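Structure first, then comments.
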Amino acid sequence: MLKTFDITYCDETSCFSLQTEHSTYIIGSADGYLGHVCFGRKVPDGSGLALLRKDEYSYMKGVPGDKCTFMDGFPFEYPTEGIGDFRPGSLAVRNARGFLGCELKLAGHRIFKGKKPLPGLPATFGTEEDTKSLEIDLKDETLGLCVTLSYSIFRGLDTVARSVTVRNDGSECLHLEKVLSACLELPWENREIVTLSGSWARERYIDRRPIGHGRVEIGSKRGISSHQEHPFLALAAEDASETAGEVIGLSLVYSGNFLAQVERTQHDMLRVGMGISDYNFSWTLQPGESFTAPEVVIVHSSEGFGAMSRTFHDTFRGHLIRSPYLHKKRPILINNWEATYFDFNIEKLLQIARTAKSAGIEMLVMDDGWFGHRNSDNCSLGDWTEVNEEKLPGGLKALADAVNEIGMDLGIWMEPEMVSPDSDLYRAHPDWVIKIPGREPSLCRTQLVLDLTRREVRDHIFNSISQVLKSANIRYLKWDMNRPLTDVGSMTTPGGEIMHRYMLGVYELQGRLTTEFPDLLLENCSSGGARFDPGMLYYCPQIWCSDDTDAMERLSIQEGTALIYPLSAIGAHVSICPNHVVGRTTDLYTRGVVALSGTFGYEMDITKMSDEELDLIRDQVKMYHRYNDLVREGDLYRIKGTSPLYKNQNNRMSVAWMCVAKDKSEALLSYVQIRGGANLRSEVLCLQGLDPEGTYASDDGKTFSGAELMNTGFVTDRLWGDGKAQIYHLTYRNQFEA
Ligand code: GLA
């Protein structure tokens, strides 16, 4: 029996073995240099050391004249720059005189139960029962540098979480120019790369492509994880499908500038690195100081992309998201943004609230435009404590009381990291913004970014939020962030440290907020989904996925997002048609089906809906209450999609996915026909994740064996037209009797 959930060290071979549920991660060593052996299908402890190919380097046989060949070929577990390894390094250090070079040798290790937190950073967590960790110390005696590589594994999951701490034990200052968090060295073997790319309103489209020689890089320089690229990549066997084939996924628990790079080397190996971007990064380590790089969550699957996704979902739900709302049904909210934009007042909001309440909606969220004199996006950010009394006489308290009177809760929007040049805050503190002294900073959405690297600025922001939240019964906060960082300078913080210190500032603020207001439902947002990442999920249970609320567009956006994130985290609303971003009209029913596979809510002027539409909304509300436990807590199976993840699918422009209860007692199949076609027949979908031995009944009373549903297939209804949807609910009846 091969071991699971175990970490060992073998003294004789200086080899570390991490055994997860179905996979094994092995680290070997050669003359004290640490080498990556494998992260793949399960093998016994200490397997595969021959992959280090020690015998093939004359340097290893005592020929010092050939060190360079060794340095440029050995599969370093944590490669460094400047000493003969010409592949992308993970660590670049300059000494006090500016010389680049670092050489790390094994100096010690610790294996222990549980997991230590990362100072100031979001990271996975675990108990002594469900988590084990390994720390390996590497040293460069010349620099006086100690690098600690940390690894954690979690019971039942094929997940390895890695991070790095670099400490200056020497007597001179050191300059860190690149500190990635994880590196893997894998045989190329026709593997392909999968990334999530996009744009505003088009976030996280799945991209899959072969890997040629040279380097593939994705990253962000924007100070946010970004709409454009995502801090995730997967390396997949070319024949990997949803249900079969090997896939390794890497996801960075960080919300700022990142870098993910893959180089196919001269020996057809893939060197994979991920961490904070080295762009505009330079960190001075004084003697005694240390720097901790964020965590990378690495998942292995030998059963295709589906299993990879479910492992990420379980890792994030079980070991990353801390919110008390994680396992709770969230209130169904209605947000007034697409209903009114800036043009609202208390009467309008209360009209929306009354109609929403009559349809079963539970919370009103007042979006942008309630403070200062903000009637468009060109002013007042920062003036949070000045409620616009023209729109809201009596302030937030009067609104909250009136909304509560109707029987609903109140939530609000804020953008705490920003300031408008036309604001009292900016007029009082023009030096509190990110800018290069002497240079006029670029405006974006007519706003500037506050310098969160400074404690007094963070304290001011926290006190403003706190004052607002305490002024009325506010149960939910949408924390937005609507522009990238440019002109990166500060009155107090060294240039190369600003980008990362800014992120540490955001994390500190969100940490303070969730500690001080533990019952607040926090939803993060960044011009839609520009900061939808594991870093933010550490502080909140849900993130607004995209400003594109069109149901057809959302199929791709939510499919890409759910490649790593659980449906319970994906902010999804039913909005008005024609859709404000793409102009498309889609059935209200279909819009509901798509939003049900997320947090579910509304974003429309509900007072303009017909009685018939309001009845349909009432039905959707019932659907949410009936199925949300399954969607929030269940396992996701993608049955059919349109993304490049799926090769050779007979794709008739339809999408199907399933949420299956962990105990397989219940399943919800969602099927959407994006485009109708002439003379098409119903579709046959081979379902997944059911108990093959069990009997399942659909709500209309038909029964099927689990094996039949998965192997022969389930026949859908024939849908007529574009953008049509149907859901099918299956409940377990008993063991199937042949
Ligand atoms: C961003 C958000 C929107 C909305 C506006 C308000 O664009 O993504 O949902 O809150 O800001 O200005």
Side-chain angles (χ1 to χ4, degrees), residues 198-204 222-228 255 333-344 348-349 352 363-384 388 391-392 410-423 443-449 465 468 474 476-484 506 521-533 536 540 542-551 553-554 557-558 561 569-576 579-582 595 598-605:
S199 181
W200 171 75
R202 223 173 346 99
E203 296 91 339
R204 291 173 293 285
R222 297 167 192 264
I224 40 179
S225 45
S226 91
H227 298 104
Q228 287 75 9
S255 315
L333 62 84
I334 184 158
N335 179 304
N336 74 310
W337 180 240
E338 287 194 27
T340 64
Y341 296 101
F342 295 99
D343 186 16
F344 63 86
K348 181 70 205 171
L349 293 177
I352 292 177
M363 176 184 275
L364 173 76
V365 173
M366 175 174 61
D367 211 281
D368 194 356
W370 55 265
F371 47 89
H373 54 277
R374 190 159 166 98
N375 293 314
S376 80
D377 61 10
N378 65 5
C379 68
S380 303
L381 294 173
D383 295 344
W384 305 110
N388 183 330
K391 289 180 181 174
L392 302 177
L410 178 69
I412 60 165
W413 175 98
M414 290 179 83
E415 198 180 355
E417 297 157 67
M418 297 293 152
V419 66
S420 307
D422 178 6
S423 66
L443 290 176
C444 182
R445 219 189 184 212
T446 332
Q447 64 198 54
L448 293 164
V449 185
I465 303 175
V468 167
I474 296 165
Y476 159 110
L477 177 66
K478 177 174 173 187
W479 178 309
D480 209 342
M481 195 292 186
N482 280 322
R483 64 154 290 174
V506 173
L521 174 54
L522 177 64
E523 175 157 353
N524 272 292
C525 173
S526 178
S527 302
R531 216 165 52 180
F532 199 125
D533 56 58
M536 299 319 285
C540 67
Q542 61 196 57
I543 303 178
W544 184 228
C545 182
S546 176
D547 279 345
D548 189 344
T549 51
D550 176 80
E553 301 285 303
R554 275 294 186 115
I557 298 169
Q558 291 179 199
T561 306
I570 299 178
H573 296 166
V574 175
S575 69
I576 202 70
N579 179 268
H580 290 188
V581 174
V582 292
T599 54
F600 194 73
Y602 290 84
E603 183 139 351
M604 54 169 53
D605 188 348

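Computed from heavy atoms alone, side chains included, the values below leave out hydrogens, waters and symmetry copies. Predicted model only: the values in this text are computed from it and were never measured. First listed ligand is number 1; within each ligand, the first listed atom is number 1.
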Give yes or no for whether the N/O distance cutoff of 3.5 Å, strictly under, is met between [X] and ligand 1.
X: W413; result: yes
X: W337; result: no
X: G528; result: yes
X: R374; result: no
X: E603; result: no

Would you say the side-chain atoms of [X] and [Y] include a donor-acceptor pair closer than 3.5 Å?
X: D383; Y: H373; value: no
X: D422; Y: S420; value: no
X: T549; Y: E338; value: yes

Atom indices of ligand 1 within 4.0 angstrom of [X] heavy atoms, with elements:
X: C525; value: 2 (C), 8 (O)
X: D368; value: 6 (C), 12 (O)
X: N482; value: 1 (C), 7 (O), 11 (O)
X: W544; value: 8 (O), 9 (O)

Worksheet item: When rounded to the nearest 0.5 angstrom, what distance separates NE2 in H580 from CE in M604?
Response: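 CE of M604 is found 9.5 Å from NE2 of H580.
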Side chain of [X], backbone of [Y]: donor and acceptor closer than 3.5 Å?
X: R204; Y: G198; result: no
X: K391; Y: G369; result: yes
X: R531; Y: M536; result: no

What residue and atom, counting heavy atoms only, is the protein's closest point to [atom], and at what distance?
atom: atom 9 (O) of ligand 1; value: K478 NZ, 2.8 Å
atom: atom 8 (O) of ligand 1; value: D547 OD1, 2.6 Å
atom: atom 4 (C) of ligand 1; value: D367 OD1, 3.4 Å

Worksheet item: What class does the angle between the rings of W337 and F342 fall in, given that below 30° is parallel, 30 to 60° is tilted and above 60° is perpendicular?
Response: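 Answer is perpendicular, since the angle exceeds 60°.
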Practice prompt. Answer yes or no for H573: is there a heavy-atom contact with ligand 1 below 4.0 Å?
Written response: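 H573 does not count as a contact of ligand 1 under the 4.0 Å cut-off.
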Worksheet item: Any side-chain heavy-atom pair from N335 and D367 closer than 4.5 angstrom?
Response: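 The answer is yes; the side chains approach within 4.5 Å.
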Practice prompt. Out of D377, D480, T549, indicate the one that has the non-hydrogen atom closest to atom 2 (C) of ligand 1.
Written response: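 Comparing heavy atoms across D377, D480, T549, the nearest one to atom 2 (C) of ligand 1 lies in D480.
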